[in-house]
*Asks:* 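Could you have a look at this structure, given as structure tokens, before my questions?
Remember, it's 1-based here, ligands and their atoms both numbered in the order they're listed. Numbering starts at 1 and runs along the sequence shown.
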Amino acid sequence: MPTIIVNSSSPQTASPRTAVSLGRRRLLRVSGLGVLAVALSAAALARAPNTLGNVMILATGGTIAGSGATSTTTVGYTAATVGVDALLNSVPELKKVANVRGEQVFQIASENMNNDYWLKLAKRVNTLLAQDDVDGIVITHGTDTIEETAYFLDLVVKSRKPVVVVGAMRPSTAISADGPINLYNATLVAASEEAIGKGVLVVLNDQINAARDVTKSNTSTADTFRTPDLGMLGYVQGNKPYFYHLSARKNTVDTEFDIANLDTLPQVDIVYGYANMGRTPVDALVAAGVKGLVHAGVGDGSLANAVKPALIEARKKGVVIVRSSRVGSGIVARNGEANDDELDFVVSDTLNPQKARILLTLALTKTTDTKEIQRMFTTY
Ligand code: SIN
């Protein structure tokens, strides 16, 4: 890995775009003119001409920070071995698009992601984004759970400034490693005014996806990230982000979730639906004290006869049940494959099981009322 030093120390003078932002945004948000307010608040974050934005790069590990035994090792390498300074030094081009500083928040392979890491990361992101000398954030992350971290942040970040989560499918030591170009593109997006107010973004393979809807679709190829049916938001091409779509679901400053004073999150787990499934996994999780359960059902979230009584009993014990689907796209119909009104279950809308688990976890920090929780699933 090359060791060229870029400006990973302190940023240049604070960007003037944030100086006027907070007061004006507050006024605009109480005006009730939603779309206008968003547009104008983005304008309030606009930067003076010909200045680079200040982007913090928060490193958390993953393959983007991985290394293999040889340059052709693209499987069987070790994730999370390269530190943030080496990551930044390997892409000197970053300094052309932003004033970049790096911080190692933790160093893990993302299969080890958990609530404690999420709370630590989200609090750090919120602290940094509240500073006038930070215009955007890039988070380097393993791709295995990148979609989950991105959606968690989408629900709890309290700023319209850009937050971009990025990973790589090939380790940093591989021929044609995708990490450097992905990091460059992510930084470019995080420093751009176009990305303001668009929620947390996932940038890989020259594509920009929304945190809520993106998912990993292939175990090993570089084009693994997809937004099934709903479509990605845009591209990065020729040193510019191009946006074409926006998610209609609320995110960041428009959510009701606040993790500032939370040190733990409620335990929520997923049970997977399959032929010959029995009730043992549900019973075991309920006995372990789970507060919420997402059922990743077959088809439109169908419940097997052998499992349904266990879920009904779990609900009677106070566990909140969300019916999701293992299919990978589409809406789970309320009162479709089960009478949710009668069973007091919630449906996941289009959220895949791993994202439904995140929204249920955050919902349970606010309420156990299933009508309220169902409202949240049609809002976020
Ligand atoms: C990980 O998720 O940490 C390993 C796999 C990857 O980043 O692609």
*Asks:* Is Ala80 in contact with ligand 1, taking contact as a heavy-atom separation below 4.0 Å?
*Replies:* no
*Asks:* Main chain of Asn335, side chain of Asp340: is a donor-acceptor contact present, judged purely on distance under 3.5 Å?
*Replies:* yes
*Asks:* Counting from 1, what ligand 1 atoms have a heavy atom of Thr63 closer than 4.0 Å?
*Replies:* 4 (C), 5 (C), 6 (C), 7 (O), 8 (O)
*Asks:* Starting from atom 8 (O) of ligand 1, locate the nearest protein heavy atom and write down its residue, its atom name and how far away it is, to 0.1 Å.
*Replies:*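 The closest heavy atom on the protein side is Thr143 OG1, 2.4 Å.
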*Asks:* Between Lys291 and Pro266, is there a donor-acceptor pair closer than 3.5 Å when you use the side chain of the first and the backbone of the second?
*Replies:*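 Checked: no pair found.
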*Asks:* Would you mind listing which atoms of ligand 1 come within a distance below 4.0 Å of any non-hydrogen atom of Ala109?
*Replies:*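 Reading through ligand 1 atom by atom, the close ones are 3 (O).
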*Asks:* Could you go step by step and tell me if Val105 and Ile139 meet the side-chain contact (heavy atoms from CB on, under 4.5 Å) rule?
*Replies:* CA-CA 9 Å; Val105 186; Ile139 297 162; over 6 Å; no
*Asks:* Would one find more than 12 heavy atoms of other residues, nucleotides or ligands at under 6.0 Å from atom CD of Glu103?
*Replies:*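 More than 12 heavy atoms, drawn from other residues, nucleotides or ligands, come within 6.0 Å of this atom.
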*Asks:* With distance as the sole test, does Lys366 use its side chain to make a donor-acceptor pair with the main-chain N or O of Glu256 at under 3.5 Å?
*Replies:*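 Checking the backbone N and O of Glu256 against the side chain of Lys366, a donor-acceptor pair under 3.5 Å is found.
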*Asks:* Could you say whether the N/O atoms of Ser110 and ligand 1 ever approach to under 3.5 Å?
*Replies:*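 Yes, since at least one N or O of Ser110 sits under 3.5 Å from an N or O of ligand 1.
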*Asks:* With only distance considered, is His141 within less than 3.5 Å of ligand 1 through an N or O on each side?
*Replies:*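 No; the residue has no nitrogen or oxygen that sits under 3.5 Å from a nitrogen or oxygen of the ligand.
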